[in-house]
Structures are given as structure tokens and as C-alpha cells.
Engineer: 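Structure incoming, see below.
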Amino acid sequence: MSMRMIKQRTRRGRAIWWAAAAAVLLLLANHVFRMGFLLPLQGIRDIEERQGAPHGETLARLWTPEVHATHLVYLRGSEKAVTIADTYLTVYGWMGGFGWTLDCTEDAPLYAGEMTMRQDDQTETVCCYYGRVDDPDITRVEISVRRAYYVDGPEQWEETANLPVEGEDFIVRDEGRYFLAEDVIDDRSHESYHRAWIIAYDEDGNVMEEFQIDQGTHSIYF
């Protein structure tokens with residue numbers, strides 16, 4: 001064996017050793033200082049633990065580069081809850097951001113929540129609407145995003161987006177049917193605000209449920 005091959009193997013071995021040592025140090029830093037994670041899912045589980053939510057099954061994942069180049073949003077579901085949470089990669093590893101958990105133990109036909117996120121210096125707001133449908137008679141839901149405006153009186157609402165979920169758009173699990181819809185609002189004026197309503201229909205088009213989504217989390221990243 002030539003000296004060049006020996007040196008190459010030695011360098012390769014050192015590189016592997018340093019990579020393993022870096023991974024161990026990152027794990028120790030996470031365990032002691034809670035600074036970062038090796039995997040994005042660890043950041044999501046950290047959010048679940050902070051909220052006291054059960055660890056669910058990953059149902060869907062979105063990449064939302066409008067918030068951060070590595071920003072990921074996870075939808076997680078279990079028998080009793082639905083959680084939405086986000087994570088992003090930093091020099092310390094994957095960091096858990098924010099999240100919101102819907103309690104699905106109230107025997108309701110439909111559960112819905114939202115998560116909005118934006119960078120402080122950007123005008124685009126990423127809006128994620130999510131939930132679970134337990135009523136088998138509900139075959140379609142719509143997320144109606146509306147903008148508030150005023151004309152010589154109380155506020156009025158104008159629909160700016162309609163996000164339908166039906167058929168194969170639902171994520172089907174034993175516990176129910178889940179959904180995750182995304183809308184990006186680019187509001188340069190900052191003079192209006194948006195709210196979302198969810199409308200549920202049966203197969204004949206009759207409205208079964210309709211309410212404003214008032215559960216969720218709204219975050220600004222700096």
C-alpha cells in the first residue's frame with residue numbers, strides 16, 4: 001500500500017471522526033442548552049412537548065421560503081389532537097418555532113385553526129389553515145379569507161381567497177380526515193387586516209357548519 005493511499009485513508013478517517021464528534025457535541029448542546037436539533041422533526045416534537053400535546057403522526061409538511069429559506073411547517077395528528085408547528089435550520093441546528101394544538105376531544109363535527117407567519121421586514125404573510133373533519137356527512141370544506149374595509153360605517157368584509165378542500169385533498173387517517181391549506185397574503189399597505197372563515201358542506205351542497213377561525217398562532221420573525 002502506497003503512502004498516498006495511507007494518507008488518504010487517514011484523512012478520511014479523521015474527517016469521519018470530526019463529523020461524529022460534531023454530531024455528539026450538537027446532541028450534548030441540545031440536551032444541556034436546548035440550542036438546536038439534528039433533525040427537523042425533533043424541533044417539532046419539542047414544540048409538542050412545550051404545549052403539552054401528544055406526539056402525533058406527521059400528516060403533511062410544507063416548505064415556506066417566504067418566511068425563511070429552510071422554513072418547514074408540519075401538520076401532526078393523533079386521536080385527541082391536531083398540531084401545527086414550524087421549524088427552521090440555523091447554525092445551531094434545527095430550531096423549533098411556534099405551534100398551536102387543537103383539542104379534538106369535544107365530539108365536534110369539525111375542528112379548525114390557523115397559523116400565520118412573516119418576516120419583520122417583508123410584506124408577505126404565510127397563512128396556513130388546518131383541522132380535522134369528524135362528521136362523515138361533511139364532504140367538502142372551504143376556507144374563505146376575507147379583508148376588512150370601512151365605508152362610512154362598521155367594518156365590511158371582502159373575500160380575497162377561497163381555498164377548497166374535498167375528495168383527495170383530505171388526508172385520511174383512522175382518527176378522521178385532516179386538511180392543510182396555504183395562502184400567501186402580500187399586503188404592502190398594512191392598512192387592512194384579514195380573517196378566515198371555514199364553511200363545511202354535505203354532498204348536496206348544503207352548509208353544515210360555518211364559523212370564523214379564531215384559534216391559532218401568529219408570529220413575526222426577526
Side-chain angles (χ1 to χ4, degrees), residues 40-41 43-44 46-48 51 53 56 58-77 82-90 94-102 110-133 138 140-150 155-171 177-201 209-222:
L41 190 54
I44 299 300
D46 180 60
I47 296 172
E48 290 175 329
Q51 294 189 349
T58 297
L59 304 170
R61 186 177 68 174
L62 289 176
W63 175 44
T64 52
E66 299 87 353
V67 181
H68 190 279
T70 61
H71 198 260
L72 298 175
V73 173
Y74 278 73
L75 181 68
R76 304 258 291 170
V82 186
T83 297
I84 194 169
D86 65 324
T87 183
Y88 55 98
L89 185 62
T90 72
W94 288 93
M95 302 288 289
F98 301 91
W100 191 266
T101 298
L102 294 174
L110 171 67
Y111 304 91
E114 66 180 356
M115 181 182 210
T116 66
M117 304 154 286
R118 72 176 176 87
Q119 279 284 351
D120 181 54
D121 59 348
Q122 300 295 323
T123 60
E124 291 181 322
T125 300
V126 178
C127 307
C128 296
Y129 306 101
Y130 73 106
R132 190 171 97 182
V133 176
I138 295 175
R140 176 167 61 98
V141 298
E142 291 179 354
I143 310 297
S144 175
V145 184
R146 304 170 189 176
R147 178 183 66 87
Y149 67 95
Y150 302 86
E155 64 183 10
Q156 304 293 319
W157 294 94
E158 173 189 27
E159 186 175 76
T160 60
N162 187 282
L163 312 173
V165 181
E166 59 184 328
E168 294 182 354
D169 296 330
F170 285 109
I171 306 164
R177 288 170 293 154
Y178 301 84
F179 61 90
L180 175 62
E182 179 189 14
D183 185 36
V184 179
I185 298 171
D186 190 356
D187 187 4
R188 298 184 182 278
S189 68
H190 295 291
E191 295 176 354
S192 62
Y193 63 95
H194 295 74
R195 293 291 184 270
W197 278 256
I198 186 165
I199 310 165
Y201 301 88
E209 295 283 334
E210 181 175 0
F211 57 87
Q212 182 178 338
I213 299 175
D214 58 4
Q215 292 195 60
T217 179
H218 312 279
S219 51
I220 299 176
Y221 286 83
F222 296 93

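Throughout, numbering of the chain's residues begins at 1 and tracks the sequence. Note that the structure is a prediction, hence the values are computed from the model and not measured.
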Engineer: Excluding sequence neighbours, so at least two apart, what forms side-chain hydrogen bond (donor to acceptor under 3.5 Å, both in side chains) with Glu155?
Structural biologist: Tyr150, Tyr193

Engineer: My understanding is that only residues two or more places apart in sequence, or in another chain, count here; which of them pass salt bridge (charged side-chain N to carboxylate O under 4.0 Å, His left out) with Glu209?
Structural biologist: none

Engineer: For Asp214, which residues count as a side-chain contact (heavy atoms from CB on, under 4.5 Å) partner, sequence neighbours excluded?
Structural biologist: none

Engineer: Tell me if a side-chain donor or acceptor on Arg177 pairs with a main-chain N or O of Ile138 at a distance below 3.5 Å.
Structural biologist: yes

Engineer: Using the side-chain hydrogen bond (donor to acceptor under 3.5 Å, both in side chains) criterion, which residues pair with Glu48? Sequence neighbours excluded.
Structural biologist: His55, Arg76

Engineer: Apply ring pair (Phe, Tyr, Trp, His ring centres under 6.0 Å) to Trp197 and list each qualifying residue two or more places apart in sequence or on a separate chain.
Structural biologist: Trp157

Engineer: Tell me if a side-chain donor or acceptor on Thr125 pairs with a main-chain N or O of Arg118 at a distance below 3.5 Å.
Structural biologist: no

Engineer: Roughly how far apart are Tyr129 OH and Ile213 CD1, rounded to 0.5 Å?
Structural biologist: 7.0 Å

Engineer: Taking only residues two or more places apart in sequence, or in another chain, which ones meet Tyr74 in a side-chain hydrogen bond (donor to acceptor under 3.5 Å, both in side chains)?
Structural biologist: Arg61

Engineer: Return the set of residues passing side-chain contact (heavy atoms from CB on, under 4.5 Å) with Leu180 (not counting sequence neighbours), or none when no residue passes.
Structural biologist: Ala60, Leu62, Leu75, Ile84, Cys128, Tyr130

Engineer: So, using salt bridge (charged side-chain N to carboxylate O under 4.0 Å, His left out) as the criterion, who are the partners of Glu142 when residues are at least two apart?
Structural biologist: Arg140

Engineer: With sequence neighbours left out, write down each residue that passes side-chain contact (heavy atoms from CB on, under 4.5 Å) with Glu159, or none if nothing qualifies.
Structural biologist: Ser144, Arg146, Asn162

Engineer: Side-chain contact, heavy-atom cut-off 4.5 Å: Met115 with Trp100?
Structural biologist: no

Engineer: Would you please name every residue forming a side-chain hydrogen bond (donor to acceptor under 3.5 Å, both in side chains) with Gln51, sequence neighbours left out?
Structural biologist: Thr101

Engineer: Sequence neighbours excluded, which residues qualify as ring pair (Phe, Tyr, Trp, His ring centres under 6.0 Å) partners of Tyr221?
Structural biologist: His71, Tyr88, Phe98

